[in-house]
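What follows is one structure encoded as structure tokens, with my remarks underneath.
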Amino acid sequence: MAKKSYIVEGNEVAKSSISDSWANIFDDTHQFFHGGVESVRIALDKYCLRTGYKLKKVKNDLSRSTYKCISKPNFECLWRLHSIKQYVKRHTCGVGMRVRSPTVKKRTIDHMIHERVMHNPLIKAHDIIDYFKLDVGVNIKYHHVYNGLEYIHKHASNT
């Protein structure tokens, strides 16, 4: 995946992607998410998008949720996230690879491009794919973007 770069004092410097920090989005065991459970879910989506780990929802209700790593079949990874009260910071499965075209949930696309679409309702899916590729640093599939756009337009018309 090509990264944007720019010239500083005659040297080429790579532009960092928005998603570079998502691998460390859960950096503290006492971290507080002001948006509640939904902001934790979006952070989890971003974490998976950046790192390539796959997570399974073990428990979920309005006040808390528990997720665990399922990246490698037949291997019990100790990574857990329980409503920020309990968090095993390191994966033990050893997978940790980037997925070339990860599955992106509609709510994550909605969260990341909502304002962009509201300012330009006629924005094309290919423009959003370019945004994800160049600014976020992730390749996503056309149908994921298309479904995300449909989701945004549907919810915008209901408000």
Side-chain angles (χ1 to χ4, degrees), residues 1-28 31-71 79 81 83-84 87 91 95-159:
M1 165 183 351
K3 282 196 163 231
K4 281 186 179 178
S5 62
Y6 52 93
I7 304 296
V8 175
E9 297 179 6
N11 297 320
E12 186 174 3
V13 178
K15 176 186 179 231
S16 61
S17 295
I18 292 170
S19 65
D20 286 349
S21 65
W22 295 350
N24 302 317
I25 205 163
F26 301 107
D27 61 355
D28 186 10
Q31 194 167 345
F32 185 77
F33 287 82
H34 296 279
V37 173
E38 188 60 26
S39 67
V40 173
R41 291 178 184 145
I42 289 172
L44 280 164
D45 292 344
K46 289 178 176 180
Y47 175 77
C48 292
L49 184 66
R50 180 63 180 160
T51 63
Y53 288 112
K54 293 182 182 177
L55 305 179
K56 177 182 179 183
K57 194 180 328 177
V58 178
K59 185 176 189 174
N60 189 32
D61 59 40
L62 292 175
S63 63
R64 63 184 177 209
S65 56
T66 301
Y67 293 83
K68 72 177 193 171
C69 175
I70 58 163
S71 291
W79 188 96
L81 178 94
S83 187
I84 308 301
Y87 173 56
H91 285 268
V95 176
M97 61 178 193
R98 291 278 316 265
V99 178
R100 191 172 145 189
S101 296
T103 302
V104 184
K105 294 183 172 120
K106 287 182 273 192
R107 72 171 176 236
T108 305
I109 292 175
D110 175 36
H111 175 76
M112 294 177 67
I113 65 169
H114 185 81
E115 297 228 0
R116 205 174 275 252
V117 173
M118 291 298 107
H119 290 305
N120 181 8
L122 300 176
I123 193 168
K124 302 292 183 200
H126 289 290
D127 295 331
I128 294 170
I129 289 171
D130 289 343
Y131 161 72
F132 271 87
K133 185 180 288 184
L134 298 173
D135 292 340
V136 179
V138 175
N139 291 327
I140 60 174
K141 296 180 180 175
Y142 178 87
H143 69 275
H144 293 145
V145 172
Y146 182 83
N147 290 337
L149 280 171
E150 290 292 313
Y151 181 82
I152 291 170
H153 289 302
K154 178 181 173 187
H155 286 87
S157 64
N158 289 340
T159 57

Counting only pairs under 3.5 Å, give me each side-chain donor-acceptor contact of residues 116-132, with atom names and distances, residues two or more places apart or in other chains.
from, atom 1, to, atom 2, distance (Å)
Asn120, OD1, Leu122, N, 3.3

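Here the CD1-NE2 distance, from Ile152 to His111, works out to 11.5 Å after rounding to the nearest 0.5 Å. Between the CE atom in Met112 and the CG atom in Asp45 there is a gap of 10.5 Å [rounded to 0.5 Å]. Taking OH of Tyr67 as the reference point, atom OH of Tyr47 lies at 14.0 Å (rounded to 0.5 Å).
A search for ring pair (Phe, Tyr, Trp, His ring centres under 6.0 Å) contacts involving Tyr151 returns His155, not counting sequence neighbours. Under the side-chain hydrogen bond (donor to acceptor under 3.5 Å, both in side chains) criterion, His114 pairs with Asp110, sequence neighbours left out.
Screening Val138, Ile140, Asn139, Leu134 for a side-chain contact (heavy atoms from CB on, under 4.5 Å) involving Val136 leaves a single residue, Val138. Remark: of the listed residues Leu81, Val58, Leu55, Val58 is the sole one forming a side-chain contact (heavy atoms from CB on, under 4.5 Å) with Lys68.
Within the 4.5 Å cutoff, the side chain of Leu149 has heavy atoms near those of the Ile113 side chain.
Closest of all the heavy-atom pairs between Tyr53 and Cys69 is CD2-SG, 4.1 Å.
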